[in-house]
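Below you'll find the structure, written out as structure tokens, and then a few comments.
One-based numbering, in listed order, for ligands and for the atoms of each.
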Amino acid sequence: MTRQADLVVLGGGSGGYSAAIRARELGLSVLLVEEDRLGGTCLHRGCIPTKALLHTAEVADSVRAGASVGVQASLGGIDVAGMHRYKDGVVGKLYQGLQGLLAAHGAEVMAGRGQLVGPGEVRVGDEVLRGEHIVLATGSSPRSVPGIEIGGRVLTSDEALTLDYVPDDAIVLGGGVIGIEFASIWASLGAQVTVLEALDRLLPAEDEFSSKQLARALRKRKITAKTGVRVSDVKQDDDVVTVTLENGTTLEAEVLLVAVGRAPNTSELRAVEVRNGFVAVDDRLRTTLPGVYAVGDIVAGLQLAHRGFQQGIFVAEQIAGLEPAPIDEAGIPRVTYSHPEVASVGYTEAAAKERFGSAASVVYDLAGNGRSQILGTAGAVKVVTGDNGRVLGVHLVGDRVGELIGEAQILVNTGARVEEVARFVHAHPTQGEALGEALLVAAGKPLHTHA
Ligand code: NAD
């Protein structure tokens, strides 16, 4: 049987479903193929369930901190089944909402695994789908490193999310976003955690300032982080995983989480060119086949749901004949939701210096911010500026500072200059004032800072 639509979307995750919704808004007929559940990694195995676990972790920490704010409370333990019920409840509600949303927009959703056959043609089992345009949005899967097999006590984030016990101790391989978020969750739930990172600092894609702030905070939380280390061997038996490092050190733990990146799902996309594992696209997300576009984690760059949303909208608008401006990848905000959070937008100081020849920066410590002191949050704000005073990057470390990234990204995405935006009035007392104060410092008129 053959089915036909203006647009066929392969994959119903963040990138795919946003392309489908925007295309429907613009009057195109849409057929979306999904082999699992609408919402993809972000909703079912990524952003949403991990942030739910991080919230449970935060509540546990708050109970422990009760005495410091005059609340008598004690942590009786973690009800792991209750934690998963809460997490699954959040995911379930959002999943139901998303299914309703797609239906309300009139996007047809087809269950099955699609394969791109050529321009305008996708196959699902023995059905042929013909689309004048095709959007590939097949996402990514956790990857491992050669010699480390996933299974038993060796987990990826997929298994870690549904683990039905809190390990006494855990080793986390990879000090990137997933590694740091799970290290934070497990430590708050009571585990001894050791993070092993191959490069010389945690969150190596972030500004060095953020890595240092985070490392200090994790040390205070008794999370061990070993950087510049390589694993040479992993063995497991019924009770324990043994990890041997290249320097001969051995470490043991109840579980090992492998969080060394995610591999694009391209096995059904052989008809387009794939370069270094990612689908090759131009700056308008066009693949090497006419009428075929790619969005989300299969496109090289930041593997983030909100990038996928924007790419989906961008591609749908293009297909509908609008001429949207290409997405500025440097302006995409990034948040690691650990305790403390690490958030950033724009250039790191090092990247700004490399790109523009020179850059300046200021740092404002949350120790001077009233709301942060009330909340018992340590951290700092760093603003990177160019020669002309343009805000090129903002880097934030501290609990809940991820919520400030919205303001920071407007500064970066609109090319704001410090002297203009240092005039903005921030409500007192808010954590947002810390960003305001950093801008005052950058503009040479600090209020709550003394040189
Ligand atoms: P990542 O690229 O963020 O981090 C992987 C880390 O593992 C890097 O620091 C890398 O240097 C290290 N590494 C690689 N090989 C290693 C080895 N053999 N030994 C030790 N360390 C090694 O990848 P991730 O944390 O797996 O996350 C995957 C993707 O999912 C990322 O693109 C991330 O941005 C995204 N994600 C985002 C969020 C968020 O936005 N909050 C949360 C989770 C995941």
Problem set entry | Greater than 12 external heavy atoms within 6.0 Å of Asn276's CG | no
Using a 4.0 Å cutoff against the non-hydrogen atoms of [X], which atoms of ligand 1 qualify?
X	value
Tyr337	41 (N)
Leu199	11 (O)
Ala259	5 (C), 6 (C), 7 (O), 26 (O)
Pro204	9 (O)

Considering heavy atoms of the protein only, find what lies nearest to [atom] and give residue, atom and distance to 0.1 Å.
atom	value
atom 13 (N) of ligand 1	Val260 CG1, 3.9 Å
atom 2 (O) of ligand 1	Gly261 CA, 4.4 Å
atom 8 (C) of ligand 1	Glu197 OE1, 3.5 Å
atom 35 (C) of ligand 1	Gln303 O, 3.4 Å
atom 1 (P) of ligand 1	Gly176 CA, 4.2 Å
atom 28 (C) of ligand 1	Arg262 CG, 3.5 Å
atom 38 (C) of ligand 1	Val177 CG1, 3.2 Å
atom 41 (N) of ligand 1	Val335 O, 2.7 Å

For this session: Would you check if Leu302 and Arg334 make a side-chain contact, meaning some heavy-atom pair closer than 4.5 Å?
Result: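 A side-chain contact under 4.5 Å exists here.
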Problem set entry | Side chains of Leu322 and Arg22 in contact at under 4.5 Å (non-hydrogen atoms) | yes
For this session: Verify whether one side chain among Ser211 and Glu206 offers a donor that lies under 3.5 Å from an acceptor in the other.
Result: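 No pair is found: no donor N or O on one side chain lies under 3.5 Å from an acceptor on the other.
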Exercise. Going by atom types alone, do Arg64 and Ser188 pair a side-chain donor with an acceptor below 3.5 Å?
Worked result: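 Distance-only check fails for Arg64 and Ser188.
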Exercise. With backbone taken as N, CA, C and O and side chain as the heavy atoms from C-beta onward, which portion of Ala198 lies under 4.0 Å from ligand 1: side chain, backbone, both, or neither?
Worked result: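 Near ligand 1, Ala198 shows its backbone as well as its side chain.
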Exercise. So which bit of Val145 gets within less than 4.0 Å of ligand 1, heavy atoms only: side chain, backbone, both or neither?
Worked result: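 Near ligand 1, Val145 shows its side chain, while the N, CA, C and O stay back.
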Problem set entry | side chain to side chain donor-acceptor pair (under 3.5 Å) partners of residues 237-248, not counting sequence neighbours, each pair once |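 Output for this query lists Asn247-Thr249.
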For this session: Identify whether the distance between the nearest side-chain nitrogen and carboxylate oxygen of Arg201 and Glu197 falls below 4.0 Å.
Result: no
For ligand 1 and [X], I'd like to know whether there is a polar contact (N/O to N/O, distance under 3.5 Å).
X	result
Leu173	no
Glu181	yes
Leu304	no
Val229	no
Ile178	yes

Exercise. Is there a donor-acceptor pair under 3.5 Å between the side chain of His426 and the backbone N or O of Leu435?
Worked result: no
Looking only at non-hydrogen atoms, find the nearest pair between [X] and [Y] and report the distance.
X	Y	value
Glu254	Asp168	OE1-N, 2.5 Å
Ala380	Leu366	N-CG, 3.7 Å
Ile313	Ser18	N-OG, 4.2 Å

Problem set entry | contact_flag Lys51 ligand 1 heavy-atom lt 4.0 Å |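 Lys51: in contact with ligand 1 (<4.0 Å).
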For this session: Say whether Leu196 and ligand 1 are in contact under the criterion: heavy-atom distance to a ligand atom below 4.0 Å.
Result: yes
For this session: Could you tell me how the ring of His133 sits relative to the ring of Tyr293: parallel (under 30°), tilted (30 to 60°) or perpendicular (over 60°)?
Result: tilted
Side chains of residues 392-401: which donor-acceptor partners sit under 3.5 Å, not counting sequence neighbours?
unit_1, atom_1, unit_2, atom_2, d
His395, NE2, Tyr347, O, 2.9
Asp399, OD1, His339, ND1, 2.8
Asp399, OD2, His339, ND1, 3.1
Arg400, NH2, Glu58, OE2, 3.2

